[in-house]
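Reviewing the structure listed below.
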Amino acid sequence: MRNACSILLAGLFTLSSLVMGEAQAGGELKAPLRPPKARVTLAYATQTPRVRHSCFPGRLQAVLAHIAAQTGRRPLVTSGHRSGGRRGSYHRKCMAADIRVPGVSVRKIVAAAKSAPGIGGIGTYCNGIVHVDVGPSRRWHYCGGGRGRGLAKVSRSKAKVVAMR
């Protein structure tokens, strides 16, 4: 009986040594061999589960994180990657997001976006949506209407304002 108990205790000791990953560093025990589960939180939320955002490049995620940090609230992505829309749209390349930031004015969202490193296009719409992308630098405001109507102005640089149809 004594031998059986000794063997059992030796087995438990060996097993616990393997699981705990024992290392003698000043008498401390190190953590288990498996790494702890990573906790990932996005700097933005999506309006619905159907919003396609998993393909956002790091630069766009950084822009959204910057907006979150500047406004103190997570942006709500209302539209991300989409196959439809006009040709050349950065949404089609998964390099653009249409956002709202609940409780934050459009003016503050645009100010935060303008100061984001790597920001490209910033567009505003009459319904309170703000477009951000990581393409070339440009700004616009669009209000309703069909093709070519309602586009107030497009600016490709600070020195040039172009009307666009």
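Computed from a prediction, not measured in an experiment: that's the story for all the values here.
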Only counting residues at least two apart or in another chain, list the ones meeting side chain to side chain donor-acceptor pair (under 3.5 Å) with S115. H66
Where is the tightest heavy-atom contact between L60 and A96, given as atom of each residue plus distance? CD2-N, 3.6 Å
What residue among I99, I67, D98 forms side chain to side chain contact (heavy atoms under 4.5 Å, CB included) with V130? I99
Quick one: closest heavy-atom pair of V134 and G118, and the distance? CG1-O, 3.6 Å
Which residue pairs pass the salt bridge (Lys or Arg N to Asp or Glu O under 4.0 Å) test when at least one of the two sits in residues 45-61, sequence neighbours left out? none
Set of side chain to side chain donor-acceptor pair (under 3.5 Å) partners for Y90, sequence neighbours left out: none
Selection residues 42-85 - residue pairs positive for disulfide bond (SG atoms under 2.5 Å apart), sequence neighbours left out: C55-C94
Side chain to side chain donor-acceptor pair (under 3.5 Å) against T124, all qualifying residues, sequence neighbours excluded: H141
Can you list everything that forms a side-chain contact (heavy atoms from CB on, under 4.5 Å) with A45? Sequence neighbours excluded, please. R74, L76
Here's a test for you: under salt bridge (charged side-chain N to carboxylate O under 4.0 Å, His left out), which of K93, R138, R139 qualifies with D133? R138
Grab the two heavy atoms, one from Q61 and one from Y44, that are nearest each other, plus how far apart they are. CG-CE2, 4.3 Å
Does H131 have any ring pair (Phe, Tyr, Trp, His ring centres under 6.0 Å) partners at least two apart in sequence or in another chain, and if so, which? H91, W140
Listed pairs under 3.5 Å, donor-acceptor, residues 100-110 side chains, sequence neighbours left out:
residue : atom : partner : partner atom : Å
R100    : NH1  : N127    : O            : 3.2
R100    : NH2  : N127    : O            : 3.3
S105    : OG   : K108    : N            : 3.2

Given 3.5 Å as the limit, does a donor-acceptor pair link the side chain of T78 with the main chain of Q47, or not? no
Note: P75 and A43 closest approach over all heavy atoms is CD-O, 3.2 Å
Return the minimal non-hydrogen interatomic distance between P117 and V63, and the atom names on each side. O-CG2, 3.8 Å
By side chain to side chain donor-acceptor pair (under 3.5 Å), S79 pairs with (sequence neighbours left out) R82
Spacing of R92 atom CZ and H81 atom NE2 [to the nearest 0.5 Å]: 9.0 Å
